[in-house]
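The structure under discussion appears below in the form of structure tokens.
Below, chain A is the first sequence line, B the second, and so on; all start at residue 1.
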Protein chains: 2
Amino acid sequence: MNIKEDISLPESATEDRALTIRDALRNAIVDRRLTPGTKLTESEVGALFDVSRTVARAGLQMLSFEGLVRLERNRGAFVSNPTPEEARQVFASRRLIEPGVVMSALERLDADKIALLRRQLEEESRYLNERGPTARRAEIKASGDFHLLLASMAGNAILEKFMEELIARSSLVIALYGRSGISSCGHNEHMAVLAALEAGDGERARDLMLHHIDHIEADLDLQVRDVTRLKDALDLA
Amino acid sequence: MNIKEDISLPESATEDRALTIRDALRNAIVDRRLTPGTKLTESEVGALFDVSRTVARAGLQMLSFEGLVRLERNRGAFVSNPTPEEARQVFASRRLIEPGVVMSALERLDADKIALLRRQLEEESRYLNERGPTARRAEIKASGDFHLLLASMAGNAILEKFMEELIARSSLVIALYGRSGISSCGHNEHMAVLAALEAGDGERARDLMLHHIDHIEADLDLQVRDVTRLKDALDLA
DNA sequence: CCCATCAAGATTGCATACAATTTAGCCACG
DNA sequence: CGTGGCTAAATTGTATGCAATCTTGATGGG
């Protein structure tokens, strides 16, 4: 298990430690330090974060609600191993929700928010030009963060929560079924969306976003490959 | 606390008892045996279901992920008290998602499913004609179940989960801000949606559903009433 | 050599114990 | 009569213990 790498959030606060665990594990899953199928043993997670199994368990339960972790009774927690069908559902959901997010965000857009979005895109392109696995991870994270930032601007906490789940699950799906590395064209598409938003052209922004989602999904190899997946299901990890 | 009324699910099974608790409490919240603001003490919930606090706590945590329960650190769990703003977000989300649900369900519709939907509407109308609080609760439940049944037919487990959350939260919102009792016109509108679906007219079904959602929201009184809500926030039930 | 069986070890599900925090009641005081 | 503060009771946050279940690995038979 290789989560320890970056995980050392000393921000103690009297806050909920289960939340800290959830966030750290989610980050690890999203940027692929934890790969689908990995077993997440309660005592191991607890030891990593220096808490009891009780707290670790609560964090894992949270992740299972987001679909990032699969809880099997008497067997434990595993990083989710989404099927091709689940992958399709993730993207179908995004096609339904993200256009609405774009339109809502546009209504509430102002100079500050545009600046934030632009900064996010700069971050994206920075990592795009770097080499090495750390940069790759940061790139993946940044790419999803653009969508999340946009979602946070739609002024709807519920949709934002849904988007958080969908983006995280997308990352998992791409990790499993992605053909190329992350599409560098994704960055260009993000820029195009932002340009349309700045121009106040909601229709175009919405269409660009839809095409962007289509492109991401088109990059997946969702063949049935049942044999492989079945083996994974039994072997896990 | 008045949950005990109906709650006695002897279906033991070796299943997860936290799930049982979640479902029972959710039902109680949705059909208003538990009103917003009510404190849900861990030991009390545990005693009701004959489990330890550990399990009760897990059930409450699940409900908090669905937005039905608010968890306050060191203070406990309370039935959610959604603000008018949250209420608006619930319906904005539904307006975004349910049209997609309708269209997807239409694609996969067959005679069996139509029969199920029809039976659901019959259930609705039956309770509509009965008197008494029990019938009222059943009516509320049945009304939401129509939407959930439709969602289950869309063939997308993620959207279905989202809808479950949205419908439950809608019920909470209506309990708080509803002007009339449940709109009996809701039933007619459900019938109209089904008719359009049977006719294969997705556009019309989608528009009818949107209007239906608009009507539900229009029946709410989302004035600021800050005083009341503030008092509630401090007093809580 | 492969596979079934079974015991030992590991892990989970759950209850319980205890400290930390909050709430409630009470009394004194203004 | 209202108010502030203090103590006791109630409640939550978390760790830990034990039984039930699963996993692993060794052993023996086919």
**Report entry** S43(B) (side chain) and dT12(D) (base): donor-acceptor pair under 3.5 Å
**Finding:**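 In this structure, the two groups form no donor-acceptor pair.
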Subject >> R95(A) and E217(A): CA distance, side-chain angles, deciding distance, salt bridge (charged side-chain N to carboxylate O under 4.0 Å, His left out) verdict >> reply: CA-CA 11 Å; R95(A) 269 193 294 270; E217(A) 188 174 6; 2.7 Å; yes
Discussion item. Students often get this wrong, so: under 4.0 angstrom with heavy atoms, is R53(A) touching a base, only sugar-phosphate, or nothing?
Written reply: base
Separation of [X] atom [atom1] from [N] atom [atom2], in whole Å?
{"X": "F49(B)", "N": "dC14(C)", "atom1": "CZ", "atom2": "P", "result": "15 Å"}
{"X": "L60(A)", "N": "dT11(C)", "atom1": "CG", "atom2": "P", "result": "14 Å"}
{"X": "D50(A)", "N": "dT14(D)", "atom1": "CG", "atom2": "P", "result": "13 Å"}
{"X": "L71(B)", "N": "dT12(D)", "atom1": "CG", "atom2": "C1'", "result": "10 Å"}
{"X": "E42(A)", "N": "dA10(C)", "atom1": "CD", "atom2": "P", "result": "16 Å"}
{"X": "E72(A)", "N": "dG13(C)", "atom1": "CD", "atom2": "P", "result": "11 Å"}
{"X": "L40(B)", "N": "dA10(D)", "atom1": "CG", "atom2": "P", "result": "19 Å"}
{"X": "N74(B)", "N": "dT12(D)", "atom1": "CG", "atom2": "C1'", "result": "6 Å"}

- Task: Would you give the length of the straight line joining atom CG of N156(B) to atom CD of E85(A), rounded to the nearest 0.5 angstrom?
- Result: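 Here the interatomic distance stands at 8.0 Å.
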Would you say [X] places a side-chain N or O within less than 4.0 Å of OP1 or OP2 belonging to [N]?
{"X": "R73(A)", "N": "dC14(C)", "answer": "yes"}
{"X": "S52(A)", "N": "dA15(D)", "answer": "yes"}
{"X": "K39(B)", "N": "dT12(D)", "answer": "yes"}

Per atom distances to the R57(A) side chain, the nearest of dT21(C), dA17(C), dG13(C) is dG13(C)
Taking dT11(D), dA17(C), dA15(D) as options, the one with an atom nearest any side-chain atom of T41(B) is dT11(D)
Anything under 30° is parallel, anything over 60° is perpendicular, the rest tilted; go ahead and classify H147(A) against H190(A).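 Perpendicular.
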What nitrogen or oxygen pairs link the protein and nucleotides 6-9 of chain D at under 3.5 Å?
none

| query | What residues, two or more places apart in sequence or in another chain, satisfy ring pair (Phe, Tyr, Trp, His ring centres under 6.0 Å) together with F91(A)? | reply |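 Counting only residues at least two positions away or on another chain, F91(A) forms no ring pair (Phe, Tyr, Trp, His ring centres under 6.0 Å).
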**Asked** Taking for each residue the nucleotide of DNA chain C bearing the nearest heavy atom, is the 5' side occupied by T54(A) or by G76(A)?
**Response**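 It is G76(A) whose nearest nucleotide is closer to the 5' end.
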Practice problem: Check the surroundings of atom CG in D50(B): do more than 12 heavy atoms from other residues, nucleotides or ligands lie under 6.0 Å from it? | Solution: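 Open.
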Side chain to side chain contact (heavy atoms under 4.5 Å, CB included) with A142(A): which residues, sequence neighbours excluded?
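Applying side chain to side chain contact (heavy atoms under 4.5 Å, CB included) to A142(A) gives Q120(A), E123(A), E124(A), Y127(A).
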For this session: In plain terms, say whether R136(B) and E139(B) are close enough for a salt bridge, that is, a side-chain N and a carboxylate O under 4.0 Å apart.
Result: yes
